[in-house]
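Report on one structure; see the data block that follows.
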Number of protein chains: 2
Amino acid sequence: MNSIMSALAEPNRLQIVELLRFGPRPVGDISERLRIRQPQVSKHLRVLSDAGLVEVQPLANLRIYKLRPQRFQELDAWLDSFRSMWDERFDRLDGYLNELQAQENKDSDKK
Amino acid sequence: MNSIMSALAEPNRLQIVELLRFGPRPVGDISERLRIRQPQVSKHLRVLSDAGLVEVQPLANLRIYKLRPQRFQELDAWLDSFRSMWDERFDRLDGYLNELQAQENKDSDKK
DNA sequence: CGAGAATATTCTTGTCAAGGAATATAAATG
DNA sequence: CATTTATATTCCTTGACAAGAATATTCTCG
């Protein structure tokens with residue numbers, strides 16, 4: 001999860017990923033559209049690839065990059081653990097305040 | 001979106017967010033549980049707060065932090081634009097290869 | 001009001017990562 | 001095989017940022 005986040009934290013990489021939503025593209029195409037110099041695009045694609053977010057498929061002279069759904073599914077699954085937040089009313093200070101209350105009860109017992 | 005990602009890219013901050021899933025907590029509590037020194041926790045919470053991921057609610061001497069669902073919903077919405085990926089079979093090189101094919105047709109016309 | 005607890009801020013330092021420029025590699029093609 | 005095109009890699013410099021240490025701030029309570 002951490003690798004996903006840090007890969008997507010870089011603005012240019014986020015743009016690349018968003019561009020690849022529309023389909024696989026070779027490096028040069030990405031470079032042109034996003035106005036990023038080719039070496040930087042290659043480097044960013046390296047990072048994205050290491051993070052498992054994209055994969056490459058050689059085609060003749062070109063290297064065609066495309067998204068790998070898997071990691072995005074993981075991100076989706078991770079988000080799941082937060083979804084209860086906006087369903088249930090979670091702002092009642094549930095977790096900690098129970099402890100706090102227990103603590104205060106103990107104090108008042110001591111009195 | 002970028003601010004969300006870069007806020008969550010830092011491992012300790014990700015941990016903090018994951019801890020806050022279970023409910024609001026004051027700084028000291030976070031510091032203890034995650035074994036992170038208090039000043040760093042405060043600094044990380046600052047970043048998370050600036051990114052809109054958490055909000056604070058003072059209670060006596062304490063400052064109780066909790067997650068703000070809004071930004072997580074945005075992240076969820078962003079992920080939506082990728083969901084078509086793992087439904088449809090998206091590895092057929094749709095986008096670019098159409099262009100490429102068009103290009104090659106043009107070339108063969110020239111012949 | 002003074003002391004102590006909880007939290008925030010400042011300053012400094014070291015590390016890492018991104019961009020630029022140049023170069024290396026690989027495949028295509030005449 | 002030489003050249004061109006597409007892409008990757010290396011080296012260097014610079015800026016951002018995280019951690020540590022020290023200190024400031026805010027609130028509570030006797």
Side-chain angles (χ1 to χ4, degrees), chain A residues 2-17 19-20 24-51 54-66 93 96-97 99-100 103-104 107-108 110-111, chain B residues 2-17 19-20 24-51 54-66 93 96-97 99-100 103-104 107-108 110-111:
Chain A
N2 224 306
S3 60
I4 298 181
M5 293 298 184
S6 34
L8 296 178
E10 211 287 322
N12 290 320
R13 282 198 293 266
L14 192 61
Q15 271 199 283
I16 291 177
V17 166
L19 176 58
L20 288 180
R25 301 207 175 292
V27 177
D29 194 59
I30 300 174
S31 173
E32 282 181 25
R33 290 185 194 254
L34 301 184
R35 303 292 177 91
I36 306 173
R37 291 169 215 279
Q38 177 268 316
Q40 322 300 338
V41 173
S42 284
K43 286 187 236 179
H44 285 312
L45 284 170
R46 183 84 144 92
V47 176
L48 290 172
S49 178
D50 288 349
V54 304
E55 63 186 330
V56 61
Q57 173 177 345
L59 176 67
N61 216 2
L62 310 176
R63 296 211 166 199
I64 301 196
Y65 283 86
K66 62 180 169 185
L93 308 194
Y96 176 74
L97 279 205
E99 298 173 24
L100 187 67
Q103 179 65 25
E104 284 183 351
D107 288 354
S108 56
K110 269 197 292 192
K111 272 192 219 157
Chain B
N2 225 307
S3 60
I4 299 182
M5 293 300 186
S6 35
L8 296 178
E10 210 285 324
N12 289 321
R13 281 197 295 266
L14 191 60
Q15 271 199 283
I16 291 177
V17 165
L19 175 59
L20 289 180
R25 303 209 174 294
V27 178
D29 194 58
I30 300 174
S31 173
E32 280 181 27
R33 290 186 194 253
L34 302 184
R35 304 290 177 89
I36 306 173
R37 291 169 214 280
Q38 176 268 318
Q40 321 300 338
V41 173
S42 285
K43 285 186 243 180
H44 285 312
L45 284 169
R46 183 82 143 91
V47 176
L48 289 172
S49 178
D50 288 348
V54 305
E55 64 185 330
V56 60
Q57 173 178 345
L59 177 68
N61 218 2
L62 310 176
R63 296 214 164 196
I64 301 196
Y65 284 85
K66 62 179 169 186
L93 307 194
Y96 176 73
L97 279 206
E99 299 173 23
L100 187 65
Q103 179 65 25
E104 285 183 350
D107 289 354
S108 57
K110 270 198 288 193
K111 271 194 223 161

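All of these numbers come straight from a predicted model, not from anything done at the bench. Numbered from 1 within each chain, the chains take letters A, B, ... in sequence-line order.
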**OP:** Ignoring backbone atoms, test whether B:His44 places a side-chain nitrogen or oxygen under 4.0 Å from the OP1 or OP2 oxygen of D:dC17.
**Re:** no

**OP:** Would you name the heavy atoms of A:Tyr65 and A:Val54 that are closest together and state the gap between them?
**Re:** CD2-CG2, 3.9 Å

Original post:
So does A:Arg37 get a side-chain nitrogen or oxygen closer than 4.0 Å to the phosphate oxygens (OP1/OP2) of C:dG19?
Top reply: no

**OP:** For B:Ala7 and B:Ala51, work out which heavy atoms get closest and say how close.
**Re:** CB-CB, 3.8 Å

**OP:** To the nearest 0.5 Å, tell me how far A:Leu19 CG sits from A:Asn12 CG.
**Re:** 12.0 Å

**OP:** Starting from C1' on C:dG19, measure out to CD on A:Glu10 and report it in whole angstrom.
**Re:** 10 Å

Original post:
How does protein reach along nucleotides 6-12 of chain C, written 5' to 3' as B (base within reach of a heavy atom under 4.0 Å), S (only sugar-phosphate), or - (no contact)?
Top reply: SBBBB--

Original post:
Distance from B:Arg25 atom CZ to B:Asp29 atom CG, nearest 0.5 Å?
Top reply: 5.0 Å

**OP:** Report yes if the side chains of A:Leu20 and A:Ile30 come closer than 4.5 Å at any heavy-atom pair, otherwise no.
**Re:** yes

Using a cutoff of under 3.5 Å, can you pull out all pairs of nitrogen or oxygen atoms linking the protein to nucleotides 13-16 of chain D, with atom names and distances?
none

Subject >> Rounded interatomic separation in angstrom, taking CD1 from A:Ile16 and P from D:dT7 >> reply: 13 Å

Original post:
Quick one: A:Ile30 CD1 to D:dA6 P, roughly how many Å, whole number?
Top reply: 14 Å

Original post:
For the pair made of CG in A:Asn2 and C1' in C:dC16, what is the distance, rounded to whole Å?
Top reply: 15 Å

Original post:
Is the backbone of B:Glu55 close enough, under 3.5 Å, to the side chain of B:Ser49 for a donor and an acceptor to pair up by distance?
Top reply: no

Original post:
Expressed in angstrom and rounded to an integer, what is the separation of A:Asp50 atom CG from C:dC16 atom P?
Top reply: 17 Å

Original post:
If you take all heavy atoms of B:Ser6 and A:Ala9, which pair is closest and at what distance?
Top reply: CA-CB, 3.7 Å

Original post:
Could you state the CG-P distance from A:Leu48 to C:dA18, rounded to the nearest angstrom?
Top reply: 10 Å

Original post:
To the nearest 0.5 Å, how far apart are CG in B:Leu14 and CG in A:Asn2?
Top reply: 5.5 Å

Going by atom type alone, with no hydrogens or angles, which donor-acceptor pairs under 3.5 Å involve a side-chain atom of residues 38-45 of chain A and a protein atom two or more places apart or on another chain?
{"from": "A:Gln38", "atom 1": "NE2", "to": "A:Ser42", "atom 2": "OG", "distance (Å)": "3.0"}
{"from": "A:His44", "atom 1": "ND1", "to": "A:Arg13", "atom 2": "NH1", "distance (Å)": "3.3"}

